[in-house]
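As structure tokens, the structure follows; a few thoughts come after it.
Below, chains carry the letters A, B, ... as their sequence lines are ordered, and counting in each starts from 1. Here the structure is a predicted model, which means the values were calculated and not measured.
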2 protein chains.
Amino acid sequence: MLAHNAIHSHSAVLSKAGHIARNDMPGQMAPAFATQPHQVLFCSPNKEIYAQGERATALYQVEFGAVRIYRLLSDGRRQISAFHVAGEVFGFEADGHHRFFAEAICHSAIRVCRLPIDADLSRDILPSALLALVRAQEHLLVIGRQNATERVAAFLLDLAERQGDLPQIELAMSRTDIGDYLGLTIETVSRVFSKFRENGHIRLQGARTVVLLKPDALRAMCV
Amino acid sequence: MLAHNAIHSHSAVLSKAGHIARNDMPGQMAPAFATQPHQVLFCSPNKEIYAQGERATALYQVEFGAVRIYRLLSDGRRQISAFHVAGEVFGFEADGHHRFFAEAICHSAIRVCRLPIDADLSRDILPSALLALVRAQEHLLVIGRQNATERVAAFLLDLAERQGDLPQIELAMSRTDIGDYLGLTIETVSRVFSKFRENGHIRLQGARTVVLLKPDALRAMCV
DNA sequence: CGACGGCTTGACCTAAGTCAACGCGGGTGG
DNA sequence: CCACCCGCGTTGACTTAGGTCAAGCCGTCG
């Protein structure tokens, strides 16, 4: 609710999506970002931040909003490997060019930090990179070995935790995004949401607001 | 074949699995490893290198052999998030304790580099960490959005590439390991191997030696 | 008010899982 | 030295979770 309002008030002001502004406000950020020249990129929904194959010239930190990182197969199948929300750093690449796409999901602000990376910056960003690695590996367990119910439960709990463990979650992303993140179809995602609602585990206020009524029941599902 | 012989000749000599030896031979290694004090750990098949929950006190590099990194659900379901072969570095952790298990698959030698990591080492290991991240994210695409045939094809091609793109592959791991890596059952893995054999895409010399007869046909499968 | 896109629900289908039997090869003990 | 055993792999018959296809709903926006 709060986040939603914030996004909308910004979206009114920042209708020129993709506009780049010099930024001098000190927010919470990764240490090295504070001492680097940086810009903030304001993005409309579905605005591409970088594309697969592009040279990787920067790191990115979500100021507000949400971002999806994904990859496509040639027949259009899509796998979202990560969602990133406020405070998180993304855009790491192994060999200087992007292997994934990054897009804003909703109206978002992205802090941009130009490369190259020196030794100090390496030390500062290593924890972020390792966090991303652990998250990806844990997500492999969810996708590789858990069923649809367990995947959705894990997704909701992860999202709740990253939004400060409040019981009410605002979903920035569509059912399609959730399906492509969890390796499921939108129909299956929808059915699991409905099942959780019928079981009293969650309440749905519209399609994009989820209240976790029994978070422990959800936790019990994903072991 | 060559690798297999190498492993067996070592295994005869190094029957005391888990024995730790001071090592001063200069091999191919990550830069920082050369200047760090290090040891080499010789492992029998299924020897645990570290366990989930343990304090992370070192980084590891495969000298020879192969390692599996995995995680368990409480009911025993297992997801292998990565296999590591000669030259590869593993054991990165985000907050000082291991979230995964690491085990030798076959007779292996593991170079051990004690932490903590200074700034120089950070810069040196960042590329390895980023490579692991990219691999994990690409594996998400395979597991999340590809069918059994595509998964096995991708697995064989990845293994071939990491063994120097020779057409003949020695599988260090069992069908169970492959299934737990690809999010499939052993029966499904076995059926796909048989299908590839019947189609003339591969030749099987015993269960653990695979000859890629038509690598391009396999490549065409996983887009 | 109507159209459109995102979401839900139902009926049906299929890829992969489960269960079970059997084959094979390497290791051991009689 | 041979016979047995055991663990790994293969194959077949059947089941099922989740995908596919299709219809309809609901909220938003022009």
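- Across all non-hydrogen atoms, the minimal contact from B:Gly87 to B:Gln61 is O-NE2, 3.0 Å.
- Between the CD atom of A:Gln146 and the C1' atom of D:dA17 there is a distance of 15 Å, rounded to whole Å.
- Interatomic distance, OG of A:Ser194 versus CG of A:Asn199, reported as 10.5 Å (0.5 Å rounding).
- Residue A:Thr188 places none of its side-chain N or O atoms closer than 4.0 Å to OP1 or OP2 of D:dG18.
- By the 4.5 Å heavy-atom criterion applied to side chains, B:His201 and B:Met221 are counted as neighbours.
- Summarising the geometry, the separation between CD on B:Glu150 and C1' on C:dA16 is reported as 14 Å, rounded to the nearest angstrom.
- Screening B:His98, B:His97, B:Arg71 for a side chain to side chain contact (heavy atoms under 4.5 Å, CB included) with B:Gln52, the sole residue that qualifies is B:Arg71.
- D:dA17 atom P lies 14 Å from atom CZ of A:Arg151, rounded to whole Å.
- As rounded to whole Å, 21 Å separates atom P of C:dA15 from atom CG of A:Asn147.
- In this structure, the CD atom of A:Glu187 is 10 Å from the C1' atom of D:dG18, given to the nearest Å.
- Electrostatic pairing of B:Asp180 and B:Arg68 does not count as a salt bridge here, judged by no charged N lying under 4.0 Å from a carboxylate O.
- Using a 4.0 Å cut-off between charged nitrogen and carboxylate oxygen, B:Glu54 and B:Arg99 do not count as a salt-bridge pair.
- If you take CG of B:Asp180 and C1' of C:dG17, they are 14 Å apart, rounded to a whole angstrom.
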Write out a two-atom table: protein N or O, nucleotide N or O from nucleotides 6-9 of chain D, distance below 3.5 Å.
unit_1: D:dG9; atom_1: OP1; unit_2: B:Arg208; atom_2: NE; d: 2.9
unit_1: D:dG9; atom_1: OP1; unit_2: B:Arg208; atom_2: NH2; d: 3.3
unit_1: D:dG9; atom_1: OP2; unit_2: B:Arg175; atom_2: N; d: 3.0

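- Backbone-only contact: A:Gly183 has heavy atoms under 4.0 Å from sugar-phosphate atoms and none from a base.
- For residues 184-196 of chain A, there are no salt bridge (Lys or Arg N to Asp or Glu O under 4.0 Å) pairs, not counting sequence neighbours.
- As a whole-Å value, the separation of B:Leu182 CG from C:dA16 C1' is 14 Å.
- Taking only side-chain atoms of B:Arg191, from C-beta outward, the nucleotide of D:dT20, C:dT9, C:dT18 with the closest atom is C:dT18.
- Map A:Ala148 and B:Glu198 each onto its nearest nucleotide of DNA chain D; the residue landing nearer the 5' end is B:Glu198.
- In this structure, NZ of A:Lys195 is placed 15 Å from P of C:dG10, rounded to the nearest angstrom.
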